[in-house]
Structure formats: C-alpha cells, structure tokens
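Working notes for the structure below.
Quick note: numbers below take in every heavy atom, side chains included, and nothing from hydrogens, waters or symmetry partners. Numbering of residues begins at 1 and proceeds along the displayed sequence.
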Amino acid sequence: MRARPRPSAAVALLSLGACLSVPAFAVAQESSVLSAPDRTRGEGPFSQLIIRGATLIDGTGAPPIGPVDVVVEGSRIAEIRRVGVPGLPVESSRRPPLAAGGREIDAEGLFLMPGFIDVHAHIGFTLAGGESLPPGLDQGPPAEYVYKLWLAHGVTTIREPGAGNGLEWTLEEQRRSAAGEITAPRIEAYVRFAQGVEGSLTTPEAARAWVASVAARGADGLKLGTLPPAIMEATIGEARARGLRTMAHLDQMNVARMNVLEAARLGLNSMEHWYGLPEALFQDRTIQDYPPDYNYLDEQDRFAEAGRLWKQAAPPHSDRWNAVMDELLALDFTLDPTLSIYEASRDLMRMRRAEWHDWYTIPVLWEWFKPNRNAHGSYWFSWSTDDELEWKRNYALWMSFVGEYKNRGGRVAVGSDAGFIYSLYGFAYIRELELLREAGFNGLEVLRAATLSGAEAIGREHELGTVEAGKLADLVLVGENPLENLKVLYGTGAVALSADNEPVRVGGVRWVIKDGMLFDAPQLLQDVAVMVQEAKERTGYEILQPGWVDPVRR
C-alpha cells in the first residue's frame with residue numbers, strides 16, 4: 001500500500017471547480033468575483049470592416065485558402081471573396097470596395113480562423129477555505145483578468161459550467177458582453193444542479209421544478225454531477241423539454257450508480273473530463289478498485305487513484321470498448337476531455353514552471369495552486385514519480401478513446417477548465433489544442449474541434465464555429481501558420497531562430513474579433529501583465545516555487 005500523509009482535519013470543499021462535484025444536493029449560496037469594468041478596449045462594431053488578403057482556415061475542415069477578403073457588416077460576416085492566387089499580386093479588381101466610414105485591416109501574411117470556443121470555462125471563483133490564504137489574497141481573480149486572457153488567445157465564446165458566481169451575476173455578465181459593454185467573450189450560462197436551493201432536492205418532482213425555475217430565469221443549460229438515477233432522469237428529461245442543454249462531471253461519489261453511457265441514454269448532451277467513461281468500460285468489476293484507506297475528501301487520494309482508473313477499464317479496441325463507443329456515437333454524444341487541466345498530474349514541474357506564470361499569473365492564483373489541503377486541485381501533498389508514471393499511462397489509454405471517437409465521426413470539443421492545478425486561462429486553451437494533437441488529431445481536426453465542434457456542443461452551429469457569410473463575426477487573426485505549429489497561438493508565442501542566429505519569438509494572436517468588435521490581442525495581454533504587476537506590488541507578493549529555500553542565502 002502506498003504510504004501517504006493523512007489529513008488532520010476534514011478537507012474543505014469548494015462550491016465549484018475543476019473536476020469537483022459536491023456529493024450532496026444542498027448547495028450554498030455563491031459569492032461573486034469582481035465584475036468586469038465597462039469596456040475601454042476594442043473598436044466597433046463597424047458599418048463595414050474588411051479584412052484584406054488573409055489565408056483562411058474556415059473551421060469546417062477545409063484546407064487553407066487565400067488570399068481572401070472578408071467583409072463584416074455590424075456583427076455579421078457579409079461576404080468572403082477570393083482576390084487572387086498565392087505567389088501573384090492580389091487582383092485589385094476583385095476586391096470589395098471600402099464604404100465611407102469603413103475600417104480595413106491589412107491581413108496579408110496573416111491566417112484567419114473562426115473564434116475559438118471554450119466549452120468548460122469558469123469565470124474565476126471566490127475562495128472557499130480562503131482563510132488559509134494570506135490577507136489580500138482571499139478573493140478570486142477578477143473577471144476582467146480572466147476575460148482578457150481568453151480573448152487574447154482567440155477565445156470568443158465560453159460555456160460557463162456551473163455559473164459559480166451565481167446565475168444572476170453570470171446572466172448580467174452575459175448581457176453586458178452581448179451588448180458590447182465589457183471586454184469579454186460571449187457567455188453561455190450553465191447552472192450547477194440545485195444552485196440557489198435552500199435545503200435539498202430529493203425527489204424527481206422537486207428536481208423538475210428546479211429545472212423549470214432556472215429555465216425561466218434564463219439559464220442556457222445545466223452542469224450536473226452524478227445524481228441518484230431517478231433524480232438524474234427527471235433533471236435531464238425536464239431540461240430537454242425546456243430546451244436546456246446538459247453537461248456532466250460524473251464524480252466518484254455516485255458513478256457506481258450512473259456512468260456516462262447510462263447518462264447519455266437519458267439524453268445527457270456532453271461529458272466533462274472523463275469520469276464515468278472508464279466505469280462504462282468495466283468488464284471484470286462494477287466499482288473502481290480503491291485502496292482500503294482511500295478517502296475522497298483527501299484530494300491526493302482522489303487524484304492519485306483517478307490516475308489508476310483507465311487501466312481498470314476494457315482495453316482499446318476490445319468488444320466492450322467498441323460497444324460503448326458505438327452507442328455513444330449513435331447517441332450523438334459530445335466528449336469534452338479537458339486534457340490540459342490534469343497535465344500537472346503527469347508532469348508537475350512542467351506545469352509549475354510554465355514560462356507564462358511569471359508575467360500573467362495573478363498572485364491569488366499562484367497562492368491557490370500551491371500544495372494546500374483547503375484548496376481544491378492543490379493536491380501535491382506527496383506527489384511521487386510513480387503517481388506521474390500512472391498518469392502518463394492513464395493519458396495514453398484516455399487519448400486512445402478520444403482519438404478513435406473522433407476517427408469514427410464523434411464530436412470532441414475543446415474545454416480548458418483553467419484556474420486550477422497550475423493551469424492558466426487562455427494559455428491552457430492552447431495547451432488543450434496541443435494535447436488533442438498528441439491524441440492523434442491532425443491540425444485541421446484540432447481547429448475544427450476548437451470551432452465548429454464547440455459550436456455544435458452548445459447548439460449554436462447555425463451562427464458560430466465557421467467563417468461563413470451570414471454568421472456572427474467571431475474571428476481570430478494570427479501571423480504564423482498554426483497548422484505548422486500550434487505554439488504560435490500562445491500569448492508568449494513560439495521560439496524561432498532569426499537570420500542572424502538569434503532566438504526570437506514569433507506568433508501570438510494579432511487581432512481577435514467578437515461580434516464585429518475588433519480587439520488588439522497584444523494590448524489585452526499587456527493589460528493583464530499590468531494587472532498582475534500591480535497586484536504583486538499591492539500585496540508585496542513574489543512568485544516562488546513551493547517550499548523552496550534559496551540555496552545561496554540558506
């Protein structure tokens with residue numbers, strides 16, 4: 001048995017978070033992070049905006065084409081026009097004329113894509129257990145910080161899983177974003193099961209009444225845990241009847257009664273992470289094999305054993321593996337693997353030392369990331385080489401299912417679940433694209449997952465997810481080809497060697513357009529860096545590695 005330090009007291013649970021579902025049906029009232037200030041960045045929307053001479057990757061899976069001019073009128077794409085062929089000058093006679101008062105962007109040499117969609121994106125959080133943090137660091141990251149990191153990485157739409165700052169707060173931010181009043185992506189508001197309820201929802205009738213109430217208040221969908229079967233059936237059924245979509249993290253506290261396949265049969269639209277899927281693939285057991293001293297509230301136990309779960313499932317391409325996959329495909333079910341949120345489990349130092357932390361990680365997040373029994377996802381109490389090796393093997397099995405699901409025509413969308421486990425907003429989204437590449441997706445498949453598949457997952461493919469006339473003008477422009485190297489999408493860019501043999505940075509999103517509004521991505525990143533620096537100065541904070549002792553001054 002693996003020896004582990006045991007907690008001296010019960011671990012506090014957050015009311016939301018990466019990979020966390022509360023194993024009860026009574027939910028505490030939320031408190032909120034700072035709302036975004038009124039918009040001071042961005043131009044437009046314009047009566048006419050023309051993007052001139054770009055190479056287009058349209059999100060459908062079609063290969064790049066260019067040069068093209070794209071005409072935007074107000075918030076929508078009006079026209080896409082081919083204006084020449086590669087290697088020859090643009091044919092001026094083909095170009096759409098610029099109307100009086102219009103705005104144009106010289107996009108020659110730039111690559112144009114649909115705006116990215118993050119289908120698992122928490123808008124920050126207030127900190128349960130914050131009493132364990134230093135004074136001044138017990139409030140979650142402000143919404144402005146989170147929004148600007150997303151937009152700067154091309155994320156123009158997010159699905160907020162759980163409305164963790166309260167449904168009314170989230171809906172107000174949604175309204176302000178749609179009206180162009182704040183610098184923020186488009187927001188889809190999914191409410192966590194039983195949110196706002198005094199007491200518990202213990203009957204199917206009570207669950208249906210709650211769904212009706214949140215639908216009337218304007219929720220776009222529901223974020224579910226693994227509920228008792230009768231409650232789950234009533235909740236999903238009522239949601240479907242009222243046009244609400246459903247996503248679920250099928251946590252270990254109830255997954256023995258409801259796995260992914262069983263929930264999908266009830267009409268669940270998408271699974272988050274991978275919990276519940278290995279359990280659907282069990283063939284020589286019905287319950288995960290836990291150590292005798294396992295305690296779900298000890299997060300090191302929880303996440304260490306999660307890394308030993310896939311090897312208990314049916315092996316790839318076995319009869320059981322194929323049968324589960326085939327049925328999920330027939331149900332038009334969506335996988336949202338959120339591969340990047342768990343990557344520290346297989347390589348803690350890589351995630352902890354990511355280069356963007358120094359400039360873009362706000363102190364409260366760094367403090368939250370550190371080993372801490374009161375902080376969800378900060379489970380590095382005694383993380384071992386063997387734990388990392390188990391997670392590496394776990395990833396290989398997990399990725400084999402995700403990659404094959406895509407190969408057979410299944411929908412895989414891109415979610416990051418950032419803000420936990422050394423995973424930073426925006427940067428984590430691009431890392432998720434890289435991990436899909438590791439799972440066997442080619443470049444065009446990765447970008448389709450980030451765009452069209454995400455739009456389908458939230459039921460908005462008729463207006464988002466591809467660059468087509470008539471759709472909303474959500475667009476990303478980058479100066480390097482992401483099909484050659486996805487790293488050029490990071491805000492910190494990719495390292496290259498100059499003609500005079502010097503290392504330089506290339507890439508980074510240049511422009512992002514949301515609802516026809518034009519944002520300077522480098523400016524948004526600079527805003528974030530300033531926010532981080534000011535927070536450090538205000539609190540006297542320095543980012544240090546956990547437990548590190550200066551070897552010179554020791």
Side-chain angles (χ1 to χ4, degrees), residues 50-72 77-91 94-96 105-117 153-157 402-414 429-430 432-457 461-490 494 496 506-513:
I50 303 181
I51 301 164
R52 302 264 190 209
T55 298
L56 175 63
I57 305 171
D58 68 10
T60 66
I65 186 172
V68 301
D69 284 3
V70 176
V71 181
V72 175
I77 300 167
E79 183 183 4
I80 302 163
R81 189 182 298 188
R82 302 178 188 180
V83 293
V85 295
L88 293 176
V90 166
E91 298 182 32
R94 293 189 180 185
R95 308 201 96 156
I105 298 173
D106 180 1
E108 185 176 350
L110 302 185
F111 289 80
L112 176 65
M113 297 166 286
F116 299 147
I117 298 172
H153 286 90
V155 175
T156 56
T157 298
V402 172
E404 185 65 16
Y405 196 76
K406 175 268 300 179
N407 289 343
R408 297 190 191 182
R411 184 183 305 108
V412 179
V414 179
Y429 189 87
I430 306 309
E432 186 75 9
L433 305 186
E434 291 191 287
L435 291 171
L436 289 179
R437 189 79 181 87
E438 183 180 334
F441 290 53
N442 66 37
L444 287 171
E445 290 170 335
V446 168
L447 294 179
R448 183 175 61 187
T451 55
L452 178 57
S453 295
E456 291 172 341
E461 66 273 15
H462 60 291
E463 57 184 355
L464 296 171
T466 59
V467 182
E468 297 182 68
K471 286 197 170 184
L472 289 170
D474 281 18
L475 304 165
V476 179
L477 282 156
V478 62
E480 303 286 328
N481 187 352
L483 297 176
E484 292 181 356
N485 185 2
L486 289 166
K487 294 184 189 301
V488 302
L489 295 171
Y490 282 119
V506 298
V509 173
R510 178 62 191 93
W511 300 102
V512 61
I513 299 168

Which pairs, with at least one residue in [range] and sequence neighbours excluded, count as a salt bridge (Lys or Arg N to Asp or Glu O under 4.0 Å)?
| range | value |
| --- | --- |
| residues 61-70 | Arg52-Asp69, Asp69-Arg95 |
| residues 442-454 | Lys406-Glu445 |
| residues 475-489 | Glu434-Lys487 |

Look only at the side chain of Tyr429 and the backbone of Ala450, and say whether a donor-acceptor pair between them is shorter than 3.5 Å.
yes
Separation between [atom1] of [X] and [atom2] of [Y], rounded to the nearest 0.5 Å:
| X | Y | atom1 | atom2 | result |
| --- | --- | --- | --- | --- |
| Phe441 | Leu436 | CZ | CG | 5.0 Å |
| Asn485 | Tyr490 | CG | OH | 9.5 Å |
| Asp106 | Ile50 | CG | CD1 | 12.5 Å |
| Leu447 | Met113 | CG | CE | 6.0 Å |
| Leu452 | Thr466 | CG | OG1 | 6.0 Å |
| Leu433 | Leu489 | CG | CG | 6.5 Å |

Quick one: does Arg510's side chain get under 4.5 Å of Ile105's, heavy atoms only?
no
State, yes or no, whether a side-chain contact exists between Val414 and Phe116 at a heavy-atom distance under 4.5 Å.
no
Over all atoms of both residues, closest heavy-atom pair of [X] and [Y]:
| X | Y | answer |
| --- | --- | --- |
| Pro86 | Pro67 | N-CD, 4.2 Å |
| Gly465 | Pro114 | O-CG, 3.6 Å |
| Ala107 | Ile51 | CB-CG2, 3.6 Å |
| Gly443 | Leu483 | C-CD2, 3.5 Å |
| Val476 | Gly154 | CG2-O, 3.4 Å |
| Ala455 | Ile117 | N-CD1, 3.4 Å |

Salt bridge (charged side-chain N to carboxylate O under 4.0 Å, His left out) against [X], all qualifying residues, sequence neighbours excluded:
| X | answer |
| --- | --- |
| Arg94 | Glu91 |
| Glu468 | Lys471 |
| Arg411 | Asp332, Glu456 |
| Glu79 | Arg81 |

Once side chain to side chain donor-acceptor pair (under 3.5 Å) is applied, do any residues pair with Thr156, and if so which ones, sequence neighbours excluded?
Asp474
Those residues at least two apart in sequence (or on a different chain) that pass side chain to side chain donor-acceptor pair (under 3.5 Å) with Glu463 are Arg460
Exceeds 12 heavy-atom contacts within 6.0 angstrom, atom CZ of Arg82:
no
Go through it in stages, so that I can follow the logic: the residues are Ile513 and Val72, the test is side chain to side chain contact (heavy atoms under 4.5 Å, CB included), and I'd like the CA-CA distance, side-chain angles, deciding distance and then a yes or no.
CA-CA 10 Å; Ile513 299 168; Val72 175; 5.7 Å; no
As a quick check of understanding, evaluate side chain to side chain contact (heavy atoms under 4.5 Å, CB included) for Ile77 and Leu475, giving each step before the final call.
CA-CA 10 Å; Ile77 300 167; Leu475 304 165; 4.2 Å; yes
Verify side chain to side chain contact (heavy atoms under 4.5 Å, CB included) between Val488 and Asn481, making sure each step is shown before the conclusion.
CA-CA 8 Å; Val488 302; Asn481 187 352; over 6 Å; no
In a table with atom names and distances, give each donor-acceptor pair under 3.5 Å that connects a side chain of residues 54-61 to protein atoms at least two apart or in another chain.
unit_1, atom_1, unit_2, atom_2, d
Asp58, OD1, Thr60, N, 2.9
Asp58, OD1, Thr60, OG1, 2.7
Asp58, OD2, Thr60, OG1, 3.4
Thr60, OG1, Ala62, N, 3.2

Who pairs with Arg437 by side chain to side chain contact (heavy atoms under 4.5 Å, CB included), at least two apart in sequence or on another chain?
Val446, Leu486
